[in-house]
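Since the structure is predicted, the reported quantities are computational estimates derived from the model, not experimental observations. Throughout, protein chains are lettered first and strands after them, A, B, ... in sequence-line order, and every chain is numbered starting at 1.
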There are 2 protein chains.
Amino acid sequence: MLQEPILTGSQNCAECPIRHRAVCARCETDELQRLEEVKYYRRFEAGQTIIWCGDRMDFVGSVVSGVATLSQTMEDGRTQMVGLLLPSDFVGRPGRPVAAYDVTATTDVLMCCFRKAPFEGLMADTPHIAHRLLEMTLDELDAAREWMLVLGRKTAREKIASLLSIIARRDAILHQRSKDAPVVFDLPLTREAMADYLGLTLETVSRQVSALRKDGVISLEGKRRVTIPDLSRLLDEAGDDAAT
Amino acid sequence: MLQEPILTGSQNCAECPIRHRAVCARCETDELQRLEEVKYYRRFEAGQTIIWCGDRMDFVGSVVSGVATLSQTMEDGRTQMVGLLLPSDFVGRPGRPVAAYDVTATTDVLMCCFRKAPFEGLMADTPHIAHRLLEMTLDELDAAREWMLVLGRKTAREKIASLLSIIARRDAILHQRSKDAPVVFDLPLTREAMADYLGLTLETVSRQVSALRKDGVISLEGKRRVTIPDLSRLLDEAGDDAAT
DNA sequence: ATCCACATTTGATCTGGGTCAAAGACACCC
DNA sequence: GGGTGTCTTTGACCCAGATCAAATGTGGAT
């Protein structure tokens, strides 16, 4: 579908699940070969739904560029985002025939996909891929549980600070920013999407973002470009005990 | 440590992770043999902490009887429960050296444990065990994400109803209750633990439980024994779209 | 039986964030 | 340019659930 694969770094490649992070170094050539045969790319526009909850899902893949979200919606329209998919994140559930959540592109998205059957075959034959997938699922579980603390116990201001610090951290890794480089990034989410992530209303998100700006914790250029002059200050606001 | 393993059902055995549910049927004898050699039991009393977040964790295991919780606490004392461990649930993170959460027994608990190193060795040799573990982790991830919807978007009353319906469902499976048997179970959690699970205060939990009782959705015998005359009514209150 | 340590309920009051409403601020198109 | 749709901000008011406080079970231990 797409001619040239997009590589985001020298060692790490965001385009395919088995080259992900630690696994990458251990890939053998013939495995890669097998995957190449079933690999394809898909593009989605901002706002487009990638899969609906309950749909048959015959592929797995990972986000190459752009941002997508996983979300759940109740009949009366209340929605909660349950996952944020940034470049290099894996999408799909090996062994599960249908999607459990709505997956939506919030910016233009490029995904690298594999048909599920061949991918599962490869998983069965290649223990370290299965192992890597377990690792990734455990990471997602940790992220989900950290998010439960945010949703259940943090104030609106802390929630916003937590979200900003997560995005800042992921953005720093993605662009391999040095540790003391100034922290500047574009918010990939609308106020409404942020609200859906945080269990707030969009009005509250807007007010709290303004408050953080007024207090000098962040500064904004336009509506989306965020600068964080002092990251530790933001982490304080987030109430994070994990002051890594 | 304990002489007689406790079997809770005819086909399904809650005592060891590789006999779990679907995997059980595919276990070969020599694998079981290898696990028997490293298996041991541990007992915990109600209220006792099983592991602290950050502690070195050199075992994995599963809950045989009783109820335990996973929880996270902020420096100022706010706590959020992020997992509820009922009989047959797995505890531990293969490949991770330290515990990520506090694990606490809320009733007396009997756990069936395996030292981590031999268990990981077995995992490496036995694809279907690794596969089963991925399945279980995906289930936990689904549960965590469903809980994010509860925490972020449901009202106090809906939260209580959601918790009760989850416990009722698990209890029915554990005791192999027939589908149309009356739903009666003991709450394994204090009001405070329920509050920590739901992101509420214990006063609000108490008030909402009373309200559900007054409205005839549930009835109580003492503080803990719950009867649910009409399960579908409870599910309505919970706002569950998954009306399975 | 009495005491003690809890868990739980209930009441009174307060407040953070929701709700409703209106007014910017852009971006894009004709 | 003006028009139109979407995103965002801001204001006024309200309410679900938090907070503070006190009373009421309830089950051991002695």
Side-chain angles (χ1 to χ4, degrees), chain A residues 45-48 67 74 76-80 104 106-108 150-163 186-215 218-226 237 239, chain B residues 45-48 67 74 76-80 104 106-108 150-163 186-215 218-226 237 239:
Chain A
E45 287 174 20
Q48 202 179 344
V67 177
M74 295 168 67
D76 62 7
R78 284 177 282 177
T79 90
Q80 175 65 50
T104 312
T106 59
T107 65
D108 290 349
V150 172
L151 288 171
R153 293 303 187 191
K154 292 193 178 178
T155 64
R157 174 185 263 245
E158 289 170 331
K159 285 178 175 183
I160 300 289
S162 297
L163 177 57
D186 280 317
L187 268 181
L189 302 174
T190 65
R191 298 288 183 264
E192 187 177 21
M194 292 172 69
D196 283 343
Y197 209 144
L198 297 166
L200 298 170
T201 59
L202 65 91
E203 292 95 328
T204 299
V205 170
S206 175
R207 275 185 253 268
Q208 295 296 337
V209 169
S210 298
L212 287 174
R213 180 169 45 71
K214 197 171 323 180
D215 296 347
I218 62 175
S219 68
L220 290 175
E221 211 179 304
K223 306 294 180 193
R224 296 296 189 86
R225 168 139 301 216
V226 178
E237 294 284 351
Chain B
E45 287 174 20
Q48 203 179 343
V67 177
M74 296 169 67
D76 62 7
R78 283 177 282 177
T79 90
Q80 175 65 48
T104 311
T106 58
T107 64
D108 290 349
V150 173
L151 287 171
R153 292 302 186 193
K154 292 194 179 179
T155 65
R157 173 184 264 245
E158 289 170 332
K159 286 179 175 182
I160 300 289
S162 297
L163 178 57
D186 279 318
L187 267 180
L189 302 173
T190 64
R191 298 287 183 266
E192 187 177 21
M194 292 172 69
D196 284 343
Y197 209 145
L198 297 167
L200 298 170
T201 59
L202 65 92
E203 293 94 329
T204 298
V205 171
S206 176
R207 273 185 253 268
Q208 296 296 336
V209 169
S210 298
L212 287 174
R213 179 168 45 71
K214 196 171 326 179
D215 296 348
I218 62 175
S219 67
L220 290 176
E221 211 180 304
K223 305 295 179 193
R224 294 298 189 82
R225 169 139 299 217
V226 178
E237 293 284 351

Asker: Measure across R153(A) and Q80(B) and return the closest heavy-atom pair with its distance rounded to 0.1 Å.
Answerer: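 Looking at all heavy atoms of both residues, the shortest contact is CG-OE1, 3.7 Å.
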Asker: So which atom in R191(B) and which in K223(B) form the shortest heavy-atom distance, rounded to 0.1 Å?
Answerer: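 That would be NH2-O, 3.2 Å.
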Asker: Base, sugar-phosphate or nothing for R157(A)? Non-hydrogen atoms, less than 4.0 Å.
Answerer: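 Answer is nothing: R157(A) stays at 4.0 Å or more from every strand.
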Asker: Please report, rounded to the nearest Å, how far the C1' atom of dG17(C) is from the CZ atom of R153(B).
Answerer: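 Checked: the CZ to C1' distance equals 12 Å.
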Asker: Contact class for R213(A) vs. all strands (heavy atom < 4.0 Å): base, sugar-phosphate, or nothing?
Answerer: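 The answer is nothing, as R213(A) stays clear of every strand by at least 4.0 Å.
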Asker: What's the CG-C1' distance between L198(B) and dG17(D), to the nearest Å?
Answerer: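 Taking CG of L198(B) and C1' of dG17(D), I get 13 Å after rounding.
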Asker: Are R78(B) and T155(A) close enough, and set up right, to give a side chain to side chain contact (heavy atoms under 4.5 Å, CB included), and what steps lead you there?
Answerer: CA-CA 11 Å; R78(B) 283 177 282 177; T155(A) 64; 4.3 Å; yes
Asker: Have a look at S206(A) and say if it touches a base, only the backbone sugar-phosphate, or nothing, with a 4.0 Å heavy-atom cut-off.
Answerer: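 Touches a base.
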Asker: Do E192(B) and dC6(C) share a donor-acceptor pair, side chain to base, under 3.5 Å?
Answerer: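 Per atom types, no contact qualifies.
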Asker: Provide, to the nearest angstrom, the distance between the NZ atom belonging to K223(B) and the P atom belonging to dT10(C).
Answerer: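 One finds 7 Å between P of dT10(C) and NZ of K223(B), rounded.
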Asker: Between atom CG in L187(B) and atom P in dT9(C), what is the gap in whole Å?
Answerer: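 It is 10 Å, rounded to the nearest whole Å.
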Asker: Determine the minimum heavy-atom distance between S162(B) and K154(B), stating which atoms define it.
Answerer: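 That closest heavy-atom pairing would be OG-NZ, 3.2 Å.
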Asker: Can you identify which nucleotide, out of dC7(D), dT10(C), dG18(C), has its nearest atom closest to the R224(A) side chain?
Answerer: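 The listed nucleotide nearest to R224(A)'s side chain is dC7(D).
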Asker: Could you please name the option among dT8(C), dT10(C), dG17(C) that lies closest to any side-chain atom of L200(A)?
Answerer: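 So the nucleotide nearest the side chain must be dG17(C).
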Asker: Within the 4.0 Å heavy-atom criterion, would you say T190(B) contacts the bases, only the backbone, or no part of the nucleic acid?
Answerer: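 Sugar-phosphate contact only.
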Asker: Please check if the number of heavy atoms outside E192(A) that lie under 6.0 Å from its CD is greater than 12.
Answerer: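 Incorrect, the count does not exceed 12.
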Asker: Between G222(A) and A156(A), just flag the one whose closest nucleotide in DNA chain C comes earlier from the 5' side.
Answerer: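 On the 5' side of the pair lies A156(A).
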Asker: In whole angstrom, give the distance that lies between atom CZ of R78(A) and atom P of dA16(D).
Answerer: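 Taking atom P of dA16(D) as the reference, CZ of R78(A) is at 13 Å.
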Asker: dG16(C) phosphate, OP1 or OP2: any side-chain N/O from T204(A) under 4.0 angstrom?
Answerer: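 No, because none of the side-chain N or O atoms of T204(A) sits under 4.0 Å from OP1 or OP2 of dG16(C).
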Asker: Send over the distance from D76(A) CG to dT19(C) P, rounded to a whole Å.
Answerer: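 After rounding, the reported distance stands at 11 Å.
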Asker: Of all the heavy-atom pairs spanning K159(B) and L151(B), show the shortest one and how long it is.
Answerer: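 Reported closest heavy-atom pair: NZ-O, 3.7 Å.
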Asker: Please tell me if R191(B) has a side-chain N or O lying less than 4.0 Å from either OP1 or OP2 of dC6(C).
Answerer: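 For R191(B), the contact criterion (side-chain N or O under 4.0 Å from OP1 or OP2 of dC6(C)) is not met.
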Asker: Where the side chain of Q208(A) is defined as all heavy atoms beyond and including C-beta, which of dG17(C), dT9(D), dT10(C) is the nearest nucleotide?
Answerer: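 It is dG17(C).
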Asker: Whole angstroms only, please: what is the CD1-P distance between I160(B) and dA16(D)?
Answerer: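 Going from CD1 in I160(B) over to P in dA16(D) covers 16 Å.
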Asker: Quick one: E203(B) CD to dG11(C) P, roughly how many Å, whole number?
Answerer: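 To the nearest whole Å, that distance equals 14 Å.
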Asker: If you look at every strand shown and take non-hydrogen atoms under 4.0 Å, does G47(B) touch a base, only sugar-phosphate, or nothing?
Answerer: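 Result for G47(B) = nothing.
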Asker: Hey, does the side-chain of R207(A) have a donor or acceptor N/O within less than 3.5 Å of a partner on the base of dG11(D)?
Answerer: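 Per atom types, the contact qualifies.
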